[in-house]
Amino acid sequence: MQLIACPHCGPREEVEFHYGGQAHVDYPAAPQELTDEQWARYVFFRDNPKGPFAERWNHSAGCRRWFNAVRDTASYRFLAVYQPGEARPVIPETRT
Amino acid sequence: MSRIDGYGRIDRTRTLSFTFDGTVYTGHPGDTLASALLAHDVHAVGTSIKLGRPRGIGASWNEDPTGLVQVEEPFPEPMLQASVVELTDGLVARGVNGRGRLATVPDTARYDHRHAHCDTLVVGAGPAGLLAARSLARRGDRVVLVDDRPEAGGSLAPTDRINGRAAHRFVADVVAELAEYPDVLHLQRTTAFGHWDDGFVLALERRTDHLGADAPPNRSRQRVHRIRAGRVIVAAGAHERPVTFANNDRPGIMLAASARDYLHRYGVLAGREVVVFTTDDAAYETAADLAGAGARVTLLDARPEAPAERAQHCRESGVDVRTGALVVDTSAGDGGRVSAAHVLTDGAPTTLPCDLLLVSGGWTPAAHLFSHVRGGLVYDSGLGAFRPGAELAGTDVIGAANGTLDLAGCLFEGSGGDAPSSPPEPPRTPTRVLWRTGGDPEQQFVDIQRDATVADVERAVGAGLRSVEHIKRYTTIGTAHDQGKTSGMIAAGIVAELLGRPVADLGTTTFRPPYVPVAFAALAGRERGDLFDPVRTTPVHPWHVAAGAVFEDVGQWKRARYYPQPGEDMDAAVLRECAAARRDVAIMDGSTLGKIDVQGPDAGEFLDRVYTNLMSTLKVGRVRYGVMCGNDGMVADDGTVARITENRFLITTTTGNAAPVLENLEDWLQTEWPDLRVHLASVTEHWSVFPVVGPRSRALIGEVFADVDVSNEAFGFMTWQDTTLDGIPVRLARISFSGELAWEVNVDSRYGLAMWERLVGVGALWGITPYGTETMHVLRAEKGYPIIGQDTDGTVSPHDLGMSWAVSKKKDDFVGKRSYSRAENANPLRKQLVGLLPTDSSTRLPEGSQIVAFAEDGTLPPPPVPMLGHVTSSYHSAELARPFALALVKGGRERIGEIVHVPYQGSLVPAEITGHVLVDPEGARRDG
């Protein structure tokens, strides 16, 4: 059971957190103007890479704040945490 | 008796009595069951699981694959190793023949968990681990030191010397010094059994078994320490491994160092006619010590040259040292105990009679805790074993676990440079790496506990398996409860030989937790029974209990399901409660409803975005039903929205969804709409909520709250008003989940029980009836109100539920809106919520029943039978005097009036599809 570094609370046990799926999937500005295909892409389609992946996490049993993290889906290691709305940080290749 | 005077650390001044296989024996404090049995020359303890071959004690600690016993008293436990069961007075055990037997009585012992946080965890209190812990403690670190033996000191023997003194004196000094540091936690009888990410280690402490009848009754029997360490130092030692030969599984065949351990720790000489078969130097010490204790010892070294200095020492002790000799087979005497070793010396066969055959094939580092966290192991051809390879952040391995087998080396690695002194050791002669000698492969046991032989490995390789992981699973080698501590390396070596590949390339199987067997009871700790999951109760709970309520679990909540009167079953109680709600007045405890306080200047705008209907237009003092959907447009939750002030709303959620809804709302607020000035707070437990339901509710509410005008004109449906009772603020709301005239009485939870008792007390004038969740379900189903999660399953839209009226057409957007214009949402064959009335007026269809087309001949056609839908809710209705159901049916609203079939108990039950509102469809009752 690894530790996850909540940006507000510091390192906490992973059972305190809820996963929220891929980060940087913004709600469309004008959903009604989208085709069914475009809307379905927003609602249902997510990336599934092996390696670093930007994700949403919620410190649900702690401060209840949502934050973003880059996590390596092969090793499960968290490479960075950052605030919603911030750009995805650049992760040096050597760390992955 | 094989107890030797002058040896061992047992307390000979006290005698313990125990029973094994029906015979009473004696032993001493400090014995294990194994040492006490060996002291009485009992070697054979049971028979093997597949072949029924006699098996005995094969080692002196938890690497033993064979000495399995069933403990009967003080509490039944199956398949323990005799070598780790500490002897207590009155212990009753028997050998395991095949399988053990689980207890048939409840275990009344207590098990618990404890958290520990430290800078460094040191696993193993041998010389390396002790010195590491001491140097870290001296510099002020928070240190946890765990060791699985009863005493610290690891494999140090009485003959070992450190700093010019007996090694055990040195160990005692270090242990005493560690006890001085307030930030050092030193635990013996504690096995670190698993290592996970970020320095997380679980360790099992055995706290009472060794105390026998003296154990304090309140002390937990075992404790799992959940240790979070900044750094983990593995100093877990090494396991001696055997060499495989034919009939190597007999009682009386033992690891060499274990026999030395039995002598020095317990004063037991495990045999008188001893043959030691070795490929390594360490067994020479065993041979010399056993000879010194009175045994006649022959040492067979597989190597062509004996280590000169050690051999000389052995010969001086009376040991017959021979080189170039291989044990290839054994014979057995009475009870299956080994009686002779068959030896090839430079090709010439001889037979050596013996009652104890000791084997040493070198040492395998106990690197399990390094491997658990994916530390890479590399093959060391000098050791003939895998040892920790590349560095692993946060984990260090020292001493024998790192492949360092000499005392000076262990002291050096443990101390980090400033090592205590130890006498020079003779130069080591390289180990001869030897996995097996000769003999019949069907008789050469690799994993003795699994009865898996060289022939089994040959069959696996012959079947085309090439990976040790696959061969492990094919042969079961390494899967017994010793987890291959002694057999794993040999199996890898034999596979490599058979495949003609270097063992270094082949690798070894991955070590996985647990390192030793751990009882589920210990893992569960106190989180069982009532403490398995938090139990939430409302302030009225004691009243429900006193009233004889039957409870049901809704999430973590205990909710009163119904209140049976004498002689009533659930059906009778629910019919009575339903009738009271529809004809008189009834009250329920709705306090478990999720409640969220929504505040801020943009609260109305926020609610417009998350509910399908319009909330910002709601006037202060009014209440509106609301539906929440996901982006996919499917119903996620429902509840009511009350506007308290211009910038404040109180919303309710279903009981089970309170936390997910809040998390979802926070998600939108924090990540998509951080510009909205809105704050959310859960107030679920702040408010007690009591629906007071039925035609006579107006009279009761008017009586209790005399200053409130309860007329329809002054207090309309879906409005709320604040008042006080005895100075306590109360909020009343005209909300109905039953279709009847109803009030919701909301009060600060601290006054919940008092308010309930007041309402029930005054309500007695009108014969008030308390009702539970089952009646609530029936009442709402009669009105066609869905329960989210029962009548919906994440694929149901508001339109499917007949709630198009709750989906705003005025709002530009809200969560889910775009999905309603998808073609699929307009599919006329979508499943829709309808009523279903069995035409026999008597069958209560089970919830979950499938619905199929009406079959003229009354029999189910051959499969595949097209499914039209399924029953989501089904009850007996007091009001309708018949059973009824709600169902999701394809194109259901177009089918109203049709007859369908529901397979039930082997026949087809005809049922008529109806509208989903079966009672009071015109809504005449809500105003009384």
Side-chain angles (χ1 to χ4, degrees), chain A residues 1-5 7-8 11-15 17-46 54-68 71-72 74-78 82-86 95, chain B residues 115 117 194-202 226-230 372-374 393-394 513 534 596 609-610 629-634 659-675 679-682 809 811-826:
Chain A
M1 179 159 60
Q2 64 180 323
L3 299 173
I4 297 175
H8 305 282
R12 293 289 188 274
E13 305 264 338
E14 69 179 70
V15 293
F17 295 83
H18 270 183
Y19 183 63
Q22 183 174 358
H24 307 294
V25 181
D26 290 343
Y27 190 77
Q32 313 309 326
E33 295 168 11
L34 300 182
T35 64
D36 279 4
E37 162 83 23
Q38 288 168 325
W39 176 248
R41 290 236 153 245
Y42 163 71
V43 174
F44 298 114
F45 285 68
R46 294 294 182 268
E55 304 170 327
R56 292 148 28 84
W57 285 83
N58 182 17
H59 192 189
S60 50
C63 63
R64 297 205 283 123
R65 304 301 294 175
W66 285 87
F67 60 93
N68 289 343
R71 186 180 64 104
D72 188 321
S75 68
Y76 303 148
R77 303 308 296 174
F78 280 74
Y82 56 105
Q83 297 290 349
E86 288 181 2
R95 293 191 59 186
Chain B
H115 291 264
H117 298 262
H195 184 189
W196 292 268
D197 298 302
D198 297 321
F200 186 58
V201 173
L202 295 184
R226 304 165 61 88
I227 304 164
R228 184 68 79 169
H372 287 176
V373 284
R374 305 210 154 213
I596 301 171
R609 296 186 193 183
V610 296
C629 292
N631 272 325
D632 59 1
M634 300 304 149
V661 166
L662 180 61
E663 189 174 311
N664 180 50
L665 296 182
E666 287 283 5
D667 186 356
W668 285 107
L669 264 186
Q670 293 176 26
T671 66
E672 283 292 345
W673 310 317
D675 53 308
H679 289 280
L680 307 174
S682 169
K809 298 199 169 46
K811 293 192 285 186
D812 287 339
D813 195 24
F814 54 83
V815 176
K817 178 181 169 91
R818 173 62 185 81
S819 288
Y820 299 136
S821 54
R822 294 171 62 227
E824 172 56 26
N825 209 56

Engineer: Minimum heavy-atom separation for B/P513 to B/H372, with atom names?
Structural biologist: N-NE2, 3.4 Å
Engineer: Any salt bridge between B/K817 and B/D812, counting N to O under 4.0 Å?
Structural biologist: no
Engineer: Shorter than 4.5 Å, heavy atoms on both sides: which option in B/R822, B/R374, B/R228 has the most such pairs with chain A?
Structural biologist: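 Going by pairs under 4.5 Å, I would pick B/R228.
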Engineer: Quick check: closest heavy atoms across A/N68 and A/G85, and the distance to 0.1 Å?
Structural biologist: ND2-N, 4.5 Å
Engineer: Mark yes when over 12 heavy atoms from residues, nucleotides or ligands other than A/H8 sit less than 6.0 Å from its NE2; otherwise mark no.
Structural biologist: yes
Engineer: How far apart are the closest heavy atoms of A/P31 and B/D813, and which atoms are they?
Structural biologist: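 Closest approach of A/P31 to B/D813: CG-OD2, 3.4 Å.
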Engineer: With a 4.0 Å cut-off, would you call B/R609 and B/E672 a salt bridge?
Structural biologist: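 Salt bridge absent between B/R609 and B/E672.
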Engineer: Do A/Q2 and B/W196 have side chains that approach each other closer than 4.5 Å (heavy atoms only, starting at C-beta)?
Structural biologist: no
Engineer: Is any side-chain heavy atom of A/Y27 closer than 4.5 Å to one of B/V815?
Structural biologist: no
Engineer: Side chain, backbone, both or neither: which part of A/R65 has an atom under 4.5 Å from a heavy atom of chain B?
Structural biologist: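 Interface part for A/R65: both.
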Engineer: So, do B/L202 and B/R226 sit near enough that their side-chain heavy atoms are less than 4.5 Å apart?
Structural biologist: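 Of all side-chain heavy-atom pairs linking B/R226 with B/L202, at least one is under 4.5 Å.
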Engineer: Could you please state which residues from residues 664-671 of chain B sit under 4.5 angstrom from chain A, measuring non-hydrogen atom to non-hydrogen atom, sorted by number, or 'none'?
Structural biologist: B/E666, B/D667, B/W668, B/Q670, B/T671
Engineer: Quick one: what part of B/L680 sits under 4.5 Å from any heavy atom of chain A, side chain, backbone, both or neither?
Structural biologist: backbone
Engineer: What pair of heavy atoms forms the shortest contact from A/S60 to A/R64, and how long is it?
Structural biologist: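 Here A/S60 and A/R64 meet closest at O-CG, 4.0 Å.
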Engineer: Anything under 30° is parallel, anything over 60° is perpendicular, the rest tilted; go ahead and classify A/F67 against A/F17.
Structural biologist: perpendicular
Engineer: Which of residues 36-46 of chain A get closer than 4.5 angstrom to chain B, counting heavy atoms alone?
Structural biologist: A/D36, A/W39, A/Y42, A/V43, A/F44
